[in-house]
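Okay, so here's the structure we're looking at.
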Amino acid sequence: MAGYCTGGTYTSVDIFVVILVFHVCGQLSNLRQQLQNLCPKNDYEFKIKLAQIVRKHDSLNRFVNTIEKEFNGMLLLQMLGCSIQLCVTCFQTTLVLKDGNTMVFIQMFFYGFYLIYILLQIYLYCYIGEKLISESIGIVDAVYECQWYHFSPNESKSLMFIMLRARIPLHITAGKFCSFSHKLFGNILRTSMSYLSMLHAMNVVNAE
């Protein structure tokens, strides 16, 4: 019961962070649609719509900065813990296979289930980080895809400020050391497997 409650609490925090980031991604997607469909009838309407878009974009930037500020320390510990657990669990799996006792199938089942859980947890954070980066940079494409060629020169120049701001991607980090992305997921796997190789080599040396 204690393990169930602890696991539920642990997972609920992950889900909460993921929901917050997905909410931002959804709002950025709506903002892209507004920019692509920006087709004002006059200069006054253009200013009103552009002001609404800028305020919304600025609000989303501040919201992501708040998420980053509040959770980057926790995410750093999360990634370090998952990397160590991944390495140690894989090492324990190799030891079980080497021993070949009668409980090997049951142990392999639990180790396999736990490894899948760890990998899903790491990938979930890396996926939402990659999604946030792509959605925030997509604002630049949305500005380019709108009918800016029908606007006046001053109106077109106003859109450039949004493009300049959107070129700085929004991201969440692990303790401000690295941004969550697919590249980070690959780096975590490579690092864990490197330490696994070291542990395996040390175990072989000690056995001899």
Side-chain angles (χ1 to χ4, degrees), residues 13-76 78-79 82 119-191:
V13 176
D14 296 335
I15 294 174
F16 177 68
V17 177
V18 169
I19 289 174
L20 290 178
V21 177
F22 271 138
H23 171 72
V24 175
C25 292
Q27 293 298 316
L28 287 171
S29 180
N30 291 336
L31 199 63
R32 289 176 59 185
Q33 293 294 327
Q34 293 179 26
L35 282 167
Q36 291 173 351
N37 298 328
L38 186 63
C39 188
K41 297 179 181 178
N42 51 59
D43 185 64
Y44 177 76
E45 184 180 354
F46 175 83
K47 291 180 180 179
I48 294 297
K49 289 185 176 181
L50 186 64
Q52 292 175 348
I53 291 172
V54 170
R55 281 196 296 267
K56 185 66 175 180
H57 192 212
D58 183 61
S59 175
L60 291 173
N61 290 332
R62 287 187 280 107
F63 186 58
V64 173
N65 289 334
T66 302
I67 296 174
E68 162 67 14
K69 179 181 177 182
E70 298 298 329
F71 292 103
N72 71 81
M74 182 202 77
L75 294 177
L76 175 62
Q78 188 91 319
M79 289 302 102
C82 287
L119 289 172
L120 284 175
Q121 190 176 31
I122 298 173
Y123 183 75
L124 185 62
Y125 280 116
C126 293
Y127 174 78
I128 62 172
E130 186 75 25
K131 183 73 172 176
L132 180 61
I133 292 172
S134 62
E135 287 290 346
S136 59
I137 295 179
I139 297 295
V140 178
D141 297 330
V143 174
Y144 182 76
E145 292 170 1
C146 74
Q147 298 180 4
W148 54 268
Y149 39 83
H150 291 317
F151 301 161
S152 66
N154 289 333
E155 292 174 346
S156 299
K157 289 179 182 178
S158 300
L159 295 175
M160 294 177 63
F161 292 102
I162 299 178
M163 296 181 71
L164 290 173
R165 177 62 185 86
R167 290 183 64 182
I168 304 173
L170 300 175
H171 57 270
I172 54 175
T173 67
K176 298 188 181 298
F177 287 103
C178 52
S179 300
F180 284 97
S181 62
H182 290 156
K183 182 180 179 180
L184 178 62
F185 182 72
N187 291 337
I188 290 174
L189 292 182
R190 283 194 296 269
T191 303

- The single option from I133, V21, I19 passing side-chain contact (heavy atoms from CB on, under 4.5 Å) against I128: V21

- side-chain contact (heavy atoms from CB on, under 4.5 Å), paired with L170, selected from I67, I137, L28: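 For L170, the side-chain contact (heavy atoms from CB on, under 4.5 Å) test succeeds with only one of I67, I137, L28, which is L28.
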
- Item | Full working for side-chain contact (heavy atoms from CB on, under 4.5 Å) between K69 and T66 | CA-CA 5 Å; K69 179 181 177 182; T66 302; 5.7 Å; no

Closest approach of [X] to [Y] (non-hydrogen atoms, all atoms of both residues):
X: S181; Y: C126; result: O-CB, 3.2 Å
X: V64; Y: H171; result: CG1-O, 4.0 Å
X: F180; Y: Y125; result: CB-O, 3.5 Å
X: S136; Y: P169; result: OG-CA, 3.6 Å
X: L35; Y: A142; result: CB-CB, 4.1 Å

- Item | Residue pair F71, I172: steps toward the side-chain contact (heavy atoms from CB on, under 4.5 Å) verdict | CA-CA 9 Å; F71 292 103; I172 54 175; over 6 Å; no

Is any side-chain heavy atom of [Y] closer than 4.5 Å to one of [X]?
X: F185; Y: E130; result: no
X: I162; Y: L50; result: yes
X: F63; Y: L20; result: yes
X: V17; Y: M74; result: yes

Rounded to the nearest 0.5 Å, how far apart are [atom1] of [X] and [atom2] of [Y]?
X: L76; Y: N72; atom1: CG; atom2: CG; answer: 8.0 Å
X: Y144; Y: M163; atom1: OH; atom2: CE; answer: 9.0 Å
X: C82; Y: Q121; atom1: SG; atom2: CD; answer: 4.0 Å
X: R165; Y: D58; atom1: CZ; atom2: CG; answer: 8.0 Å
X: H182; Y: S134; atom1: NE2; atom2: OG; answer: 8.5 Å
X: N187; Y: R190; atom1: CG; atom2: CZ; answer: 4.5 Å

- Message: Less than 4.0 angstrom from a charged side-chain N to a carboxylate O is my criterion; do E135 and R32 meet it?
- Response: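 R32 and E135: salt-bridged.
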
- Message: Checking the side chain of N65 only, and the main-chain atoms of N61 only, is there a donor and an acceptor separated by less than 3.5 Å?
- Response: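 Flag set: sc N65 to bb N61 pair under 3.5 Å.
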
- Answer yes if the side chains of T173 and E68 hold a donor-acceptor pair under 3.5 Å, and no otherwise. yes

- Item | Test side-chain contact (heavy atoms from CB on, under 4.5 Å) applied to D14 and Q78, step by step | CA-CA 10 Å; D14 296 335; Q78 188 91 319; 2.7 Å; yes

